[in-house]
Amino acid sequence: MTDKLSVCIVGSGNWGSAIAKIVGANAAALDTFEDRVTMYVYEELIDGRKLTEIINEEHVNVKYLPGHKLPENVVAVPDVVDAAKEADILIFVVPHQFIPRICDTLHGKIKDNAVGLSLIKGFDQKDGGGIELISHIITRQLGIPCSVLMGANLANEVADGKFCETTIGCKDKDKAAILKDLIQTKDFRVVIAEDVDSVECCGALKNIVACGAGFVDGLGYGDNTKAAVIRLGLMEMIKFVDVFFPGGKLSTFFESCGVADLITTCYGGRNRKVSEAFVKTGRSIEELEKDMLNGQKLQGPITAEEVNHMLNAKGMENRFPLFTAIHRICKRELNPQDLIDCIRYHPEHM
């Protein structure tokens, strides 16, 4: 390619702002990309000032990633069409429940030859008891190919420049090389996997398991019990992909998007944190999300509900007892203590 590629980040939360640090710096340093990186920012007032103005003047997302300077070539734009219309690469990093509406807004208003990269961890419910992958929604609604990025990537650690790995799922080797150049740094190692659906499923499903890990912490059980939840959760993740998105590779689950992300999230992520508080306080998930996450959205309980929507419709809840129990605990149909019986009697061969 001779023309420089323009990049837009669709989203500006904790993870979106962390990835903007990397993408902005790489775009400025590499001849492949235009210096200017647009970032769609949902406009909010912070102490009477527009968040986009604060970001563009002070180069800090004071709400979602305070204390971290964003590169000056990252420009906050409050209108998603204005941000995205000239982009060759669209990086999607918003809560998964917002993606159908954003794609509706962008339909017909982006470049025909644009490509997508989804960092979004979740599914979307379909009528009739099915679910759809977020990258598939982007491809269907916008008519562009969409790769995925998933990994053991707690946003604050990425923003701090602490070493970590990630996985990009991409079938096209040429596009994969460009995306790797845009994302990789010496402290953010990218591995390419062609098994795109499995990579994306891992990113969504591990948040369900992390809720189970948080319940274990809230109940006061130890690391041995949590390890059982992680192991059984990984078994159900592999089974889920095998049943509903067949053709994947077992090796994908041993990339950063799989077991590494699962372990990290079960010890450090927001789903674990809120689920622990859910057990200890008796308050609802919605109340805790509002009080503890500073405007961020919790993905685990809603993903558990989406997965259960399909399992229930297909009469398959008994084949995924851990996913089912976690969903029912979130809905207060089971007590958190019931999770222990679930793992105690979990069948080895489902």
Using modelled atom types only, decide if a donor and an acceptor are shared between the side chain of Arg36 and the backbone of Ser6 within a distance under 3.5 Å.
no
Would a hydrophobic clustering, with Ile, Leu, Val, Met, Phe, Trp and Tyr connected at side-chain separations under 4.5 Å, put Tyr267 with Met150?
no
For residues 193-203, dump all side-chain donor-acceptor pairs below 3.5 Å to protein atoms at least two apart in sequence or in another chain.
from: Asp195; atom 1: OD1; to: Ser198; atom 2: OG; distance (Å): 3.0
from: Asp195; atom 1: OD2; to: Ser198; atom 2: OG; distance (Å): 2.9
from: Asp195; atom 1: OD2; to: Lys249; atom 2: N; distance (Å): 2.7
from: Asp195; atom 1: OD2; to: Thr252; atom 2: OG1; distance (Å): 2.8
from: Asp197; atom 1: OD1; to: His136; atom 2: NE2; distance (Å): 3.0
from: Glu200; atom 1: OE1; to: Ser135; atom 2: OG; distance (Å): 2.5
from: Glu200; atom 1: OE2; to: Ile134; atom 2: N; distance (Å): 2.9
from: Glu200; atom 1: OE2; to: Ser135; atom 2: N; distance (Å): 3.0

Please lay out, stage by stage, how Lys85 and Ile110 fare under the test side-chain contact (heavy atoms from CB on, under 4.5 Å).
CA-CA 4 Å; Lys85 62 186 178 183; Ile110 60 171; 5.8 Å; no
Is Asn73 reaching over with its side chain to a backbone N or O of Ala27, donor-acceptor style, under 3.5 angstrom?
no
Does the pair Arg328/Asp338 count as a salt bridge with the N-to-O cut at 4.0 Å?
no
Given the rule that I, L, V, M, F, W and Y join up when any side-chain heavy atoms are under 4.5 Å apart, are Leu339 and Leu232 in one cluster?
yes
So how far is it from Lys206 NZ to Cys257 SG, rounded to the nearest 0.5 Å?
11.0 Å
Would you say the side-chain atoms of Gln184 pair up with the backbone N or O of Val190, donor to acceptor, closer than 3.5 Å?
yes
Nearest non-hydrogen partners of Ala114 and Leu90, listed with the distance
CB-CD1, 4.4 Å
Stepwise, does the side chain to side chain donor-acceptor pair (under 3.5 Å) test hold for Asn26 with Asp181?
CA-CA 8 Å; Asn26 281 350; Asp181 285 345; over 6 Å; no
Please indicate whether Asp112 has more than 12 foreign heavy atoms, meaning atoms of other residues, nucleotides or ligands, lying under 6.0 Å from its CG.
no
With a sphere of 6.0 Å drawn around NZ of Lys111, does it hold more than 12 non-hydrogen atoms of other residues, nucleotides or ligands?
yes
Could you report the tightest heavy-atom contact between Ser147 and Gly169, atom names first, then the distance?
CB-O, 3.2 Å
Nearest 0.5 angstrom please: Ile19 CD1 to Asn153 CG, how far?
7.0 Å
Hey, quick one: are Val93 and Val41 part of the same hydrophobic cluster, counting side-chain heavy atoms closer than 4.5 Å, chains of contacts allowed?
yes
With under 30° as parallel and over 60° as perpendicular, where do the rings of Phe323 and Phe320 fit, or are they tilted in between?
parallel
With the threshold set at 4.0 Å, does a side-chain nitrogen-carboxylate oxygen contact exist between Arg101 and Asp104?
no
Gap separating the CG atom of Leu298 from the NZ atom of Lys273, nearest 0.5 angstrom
11.0 Å
If I compare all heavy atoms of Asn14 with all of Tyr64, which pair ends up nearest, and what's the gap?
ND2-O, 2.9 Å
Would you say Lys21's side chain and Ala159's backbone share a donor-acceptor pair under 3.5 angstrom?
yes
Shared ILVMFWY cluster between Val158 and Ile91, side chains joined below 4.5 angstrom?
yes
If we count only N and O atoms by modelled type, under 3.5 Å, do the side chains of Asn207 and Asn271 hold a donor and an acceptor together?
yes
Does Thr167 use its side chain to pair, donor to acceptor, with the backbone of Val191 at less than 3.5 Å?
no
Mark yes when over 12 heavy atoms from residues, nucleotides or ligands other than Glu72 sit less than 6.0 Å from its CD; otherwise mark no.
no
When you look at Phe278 and Arg332, which way does the side-chain contact (heavy atoms from CB on, under 4.5 Å) test go after all the steps?
CA-CA 10 Å; Phe278 175 79; Arg332 295 203 182 280; 3.4 Å; yes
Minimum-distance pair of heavy atoms, taken over all atoms of Asp79 and Tyr40:
C-CD1, 3.9 Å
Thr281 OG1 to Glu287 CD distance, which is reported to the nearest 0.5 Å
8.0 Å
Short N-O contact, Arg49 and Glu58, less than 4.0 angstrom:
yes
Determine yes or no for a side-chain-to-main-chain donor-acceptor pair under 3.5 angstrom, with His96 supplying the side chain and Phe123 the backbone.
yes
Measuring from Lys180:NZ to Arg189:CZ, what's the distance to the nearest 0.5 Å?
7.5 Å
For the backbone of Pro100 and the side chain of Gln141, can you confirm whether one donor and one acceptor N or O come within less than 3.5 Å of each other?
yes
Closest non-hydrogen atom pair, Ile54 against Val62:
CG2-CG1, 3.8 Å
Is it the case that atom CZ in Phe163 sees more than 12 heavy atoms from other parts of the structure closer than 6.0 Å?
yes
For residues 211-218, which side-chain N or O atoms pair as donor and acceptor with protein atoms under 3.5 Å away, sequence neighbours left out?
from: Asp217; atom 1: OD1; to: Lys226; atom 2: NZ; distance (Å): 3.4
from: Asp217; atom 1: OD2; to: Lys226; atom 2: NZ; distance (Å): 2.9
from: Asp217; atom 1: OD2; to: Arg272; atom 2: NH1; distance (Å): 2.9

Linked, directly or transitively: Trp15 and Val80 (ILVMFWY side chains, under 4.5 Å)
no
Given the rule in the side-chain contact (heavy atoms from CB on, under 4.5 Å) test, do Met310 and Val307 qualify, once you have shown the distances and angles that lead to the verdict?
CA-CA 5 Å; Met310 184 165 72; Val307 165; over 6 Å; no
Do Ile144 and Val115 touch side chain to side chain, with heavy atoms closer than 4.5 Å?
no
Tell me whether Asn56 contacts the main-chain N or O of Ala76 through its side chain, where contact means a donor paired with an acceptor under 3.5 Å.
yes
Measure from the side-chain N and O atoms of Glu165 to the backbone N and O of Ala152, and report whether any donor-acceptor pair falls under 3.5 Å.
no
On a heavy-atom basis, which atom in Ala20 and which in Val74 lie closest, and how many Å separate them?
O-CG2, 3.7 Å
Would you indicate whether Lys69, at its atom NZ, is surrounded by more than 12 heavy atoms from other residues, nucleotides or ligands within a distance under 6.0 Å?
yes
So, taking the atom named CG in Asn312 and the one named NE2 in His327, what distance separates them when rounded to the nearest 0.5 Å?
8.0 Å
